[in-house]
Q: 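First, the structure itself, so that you have it in front of you.
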Amino acid sequence: MSKSVMEIYDQVNSVMSKNEYVPAIAALELISLLITYVAGMGIAVYKLPLLGVPITAHIYAAAADVVLVIFLYGAAARSSRLALKVISLIDALCIIGAAFSGLFYFGGFSFPIYALGMGTGFVLGVAVTSFLLFYSVRR
Amino acid sequence: MTENLTRNKPVLIASSVETLLLIGAFLAGTATLLNDQFPLNQTWMAALLSSHLSLAILSGLGAVLLFALTYLSDRKDLFYMGLATVLAVGLAAAGGLAFYSTYNYDFSYLMALSFVVAIIPSSGCIALSI
């Protein structure tokens, strides 16, 4: 059975627009986090210098992470579920903590503890964001 | 998508434990990556690597347990999530073991990338079973 493009669009739209568009924003946030991670972990593993494509991709994706997590909190705060509001606030704190840790590291405090702070914020953020994605799709 | 909204307690517990173990393994592994120099010659470096190995082995066992419980739950969404978790954790473990025997950093990168593929469905299992 084949579906028309319009039917697929309607189906995706009805899933992604639940709970004030939390699933759509969480999916975008997850993609952006993955780009940040692929670029950042490439720099850490291969000990790349902080210039060129990897660091640019990392910084732009990190900026997109912070913007999207604020959108995510805004959407979740408009929804009617308390769990979404609380968990998206935790998500925002994790991502913004990771972003500030990365800014300190790039700004000259080049100690491993700040890179580990980036990693901690990232891993808590990605766990919480995927929780929000699946939870808001299901309810 | 919303076929079943009931709580599944075994899967909820197993996926929570698995997510925490994966987070711990990631933090220990990142600390190892940032601080250790191979081959190891300091005790604290060995302690970091050992904590990473212990948490990684525990998360491998947890992934198998989670997969078995999602299979027994008779729910398709949970089953696919558990399957994705156990496959990605297996790939990460294979990457880690290959890295430790060859010191080729491509395998370290493979371990990092399959870790992040593993934690998404593991956290999804919590959301779908809570």
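Heavy atoms only: backbone and side chains are in, while hydrogens, waters and symmetry mates are out. For clarity, every value in this text was computed on a predicted model and none was experimentally measured.
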Q: Tell me, yes or no, whether the heavy-atom count around B:K9 atom NZ, taken from other residues, nucleotides or ligands under 6.0 Å, exceeds 12.
A: no

Q: Please state whether the rings of A:F122 and A:Y37 are parallel, tilted or perpendicular, taking 30° and 60° as the class boundaries.
A: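 Geometry flag for A:Y37 against A:F122: parallel rings.
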
Q: Any side-chain heavy atom of B:D74 within less than 4.5 Å of one from B:F79?
A: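 Counting from C-beta outward, B:D74 and B:F79 never come under 4.5 Å.
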
Q: Hey, do the aromatic rings of A:Y21 and A:F71 have their centres closer than 6.0 Å?
A: no

Q: Tell me, for A:L132 versus chain B, whether the close heavy atoms (under 4.5 Å) come from the side chain, the backbone, both or neither.
A: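 Contact with chain B involves no heavy atom of A:L132 at all.
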
Q: Out of the candidates A:L124, A:V123, A:V126, only one should pair with A:C94 under the side-chain contact (heavy atoms from CB on, under 4.5 Å) rule; please name it.
A: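 With A:C94 as partner, A:L124, A:V123, A:V126 yield a single side-chain contact (heavy atoms from CB on, under 4.5 Å), made by A:L124.
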
Q: Need one label for B:T30: side chain, backbone, both or neither, based on atoms under 4.5 Å from any heavy atom in chain A.
A: both

Q: At a heavy-atom separation under 4.5 Å, does B:L22 approach chain A through its side chain, its backbone, both, or neither?
A: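 For B:L22, no heavy atom lies under 4.5 Å from chain A.
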
Q: I'd like to verify something: which residue of A:L116, A:I113, A:L34, A:L30 has the highest number of heavy-atom pairs under 4.5 Å with chain B?
A: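 Heavy-atom pairs under 4.5 Å are most numerous for A:L116.
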
Q: If the contact rule is any heavy atom under 4.5 Å from chain A, which residues of residues 86-110 of chain B qualify, in numerical order?
A: B:Y105, B:D106, B:S108, B:Y109

Q: Quick one: are B:L113 and A:M41 in side-chain contact, heavy atoms under 4.5 Å?
A: no

Q: Would you mind telling me which of A:S136, A:A83, A:A127 has the largest number of heavy-atom pairs within less than 4.5 Å of chain B?
A: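 Highest number of heavy-atom pairs under 4.5 Å: A:A127.
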
